[in-house]
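Reminder, nothing fancy here: chain letters follow the sequence lines and each chain counts from 1.
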Number of protein chains: 2
Amino acid sequence: METALIAACSAAARGEVPVGAVVLDGNGVPLAIAGNEVEQTHDASAHAELLAMKRAAQARGTTRLEDCTLVVTLEPCPMCAAAAVHFRVRLVVFGAYDPKGGGITHGPRVIDHPACMRRPEIIGGVRETEAAGLLRSFFRALRGAG
Amino acid sequence: METALIAACSAAARGEVPVGAVVLDGNGVPLAIAGNEVEQTHDASAHAELLAMKRAAQARGTTRLEDCTLVVTLEPCPMCAAAAVHFRVRLVVFGAYDPKGGGITHGPRVIDHPACMRRPEIIGGVRETEAAGLLRSFFRALRGAG
């Protein structure tokens with residue numbers, strides 16, 4: 001989570017919503033690290049965790065991340081939660097809960113849905129205070145600048 | 001839908017699941033056309049409709065496709081349905097219904113969920129027989145070759 005938090009800080013420095021993610025292989029070795037890139041790439045789907053999964057899969061030359069853990073500072077949205085299922089991630093660890101935009105423990109809870117065929121394990125709330133604090137500071141500064 | 005069906009055929013010819021998509025601007029002019037690229041790019045998220053939305057947004061230099069229509073041969077999965085919300089697509093038109101993997105009229109129905117803040121309009125079942133037929137032929141051939 002330390003690495004994901006650093007990626008989130010780095011995203012904020014680029015003017016992106018501060019969310020960071022890392023994909024670790026079965027031995028805990030980082031395969032890919034990413035922060036949000038929505039603004040800089042004009043890509044509304046360029047969320048940190050989706051980028052980290054894509055890059056980890058590309059590094060491996062396979063679409064499957066079956067032994068891997070996705071660590072992300074914010075509860076994944078429905079898009080990213082469903083992507084973790086497509087990439088067959090083994091475990092998703094997230095920091096802050098997202099009652100408004102989350103898709104795992106909130107909203108459509110796509111992984112819990114009976115139609116979801118491969119469920120990653122989920123651990124939420126890891127270093128929640130720091131992850132949520134980053135987001136709060138960012139949006140407070142944004143409102144201040146507005 | 002004709003263009004999307006051609007993109008789906010082209011995907012099949014590359015060994016990809018035959019799904020094709022096109023994004024049209026408010027005047028009906030195509031901004032981006034894509035077929036599935038999951039296998040060739042080792043990217044489990046490289047679904048036709050997600051690629052088409054990313055490319056359309058990049059072509060415009062904005063993350064928003066507020067006046068746009070996404071036309072896709074198969075009901076979008078939860079990931080792509082949620083991505084259509086992020087890209088603020090105005091209308092989603094799809095061909096075949098997908099009771100197993102769909103995320104709009106099946107599964108977690110992410111766009112219908114109360115947590116979904118911006119709902120595109122949805123029209124399903126357009127040229128459904130041809131779109132479903134393409135998928136059936138592809139999977140029949142795959143089983144035959146297995």
Listed by residue number, which members of residues 89-109 of chain B have a heavy atom under 4.5 Å from any heavy atom of chain A?
-> B/K100, B/G107, B/P108
Identify whether A/L134 and A/F138 are in the same connected component of the hydrophobic contact network (ILVMFWY, side-chain heavy atoms under 4.5 Å).
-> no
Distance in Å, A/C80 SG paired with B/H86 NE2, rounded so as to fall on 0.5 Å steps | 6.0 Å
Single-linkage hydrophobic cluster A/V72~A/I123, side-chain heavy atoms < 4.5 angstrom | no
Region of B/H113 that comes under 4.5 Å of a non-hydrogen atom in chain A | side chain
B/S45 portion near chain A, given a 4.5 angstrom heavy-atom threshold = both
Report yes or no: do A/L74 and A/V71 belong to one cluster of Ile/Leu/Val/Met/Phe/Trp/Tyr joined by side chain heavy-atom distances under 4.5 Å?
-> no
Among B/G61, B/A83, B/P78, B/A82, the residue with the most heavy-atom pairs under 4.5 Å to chain A is B/G61
Hey, does A/T63 have a side-chain heavy atom less than 4.5 Å from the side chain of B/D43?
-> no
In this structure, NE2 of A/H42 is separated from CZ of B/F87 (nearest 0.5 Å) by 12.0 Å
By a 4.5 Å heavy-atom criterion (distance strictly below it), what part of B/L65 contacts chain A: side chain, backbone, both, or neither?
-> neither
Answer yes if A/I111 and B/V110 sit in the same cluster of Ile, Leu, Val, Met, Phe, Trp and Tyr residues linked by side chain heavy atoms under 4.5 Å apart, and no otherwise.
-> yes
Determine which residues belonging to residues 2-41 of chain B lie within contact range of chain A, meaning some heavy atom pair is under 4.5 Å apart, and list them by number or answer 'none'.
-> B/V38, B/T41
Contact part of B/C77 toward chain A, heavy-atom cut-off under 4.5 Å: side chain, backbone, both or neither?
-> side chain
Would a hydrophobic clustering, with Ile, Leu, Val, Met, Phe, Trp and Tyr connected at side-chain separations under 4.5 Å, put B/M53 with B/M1?
-> no
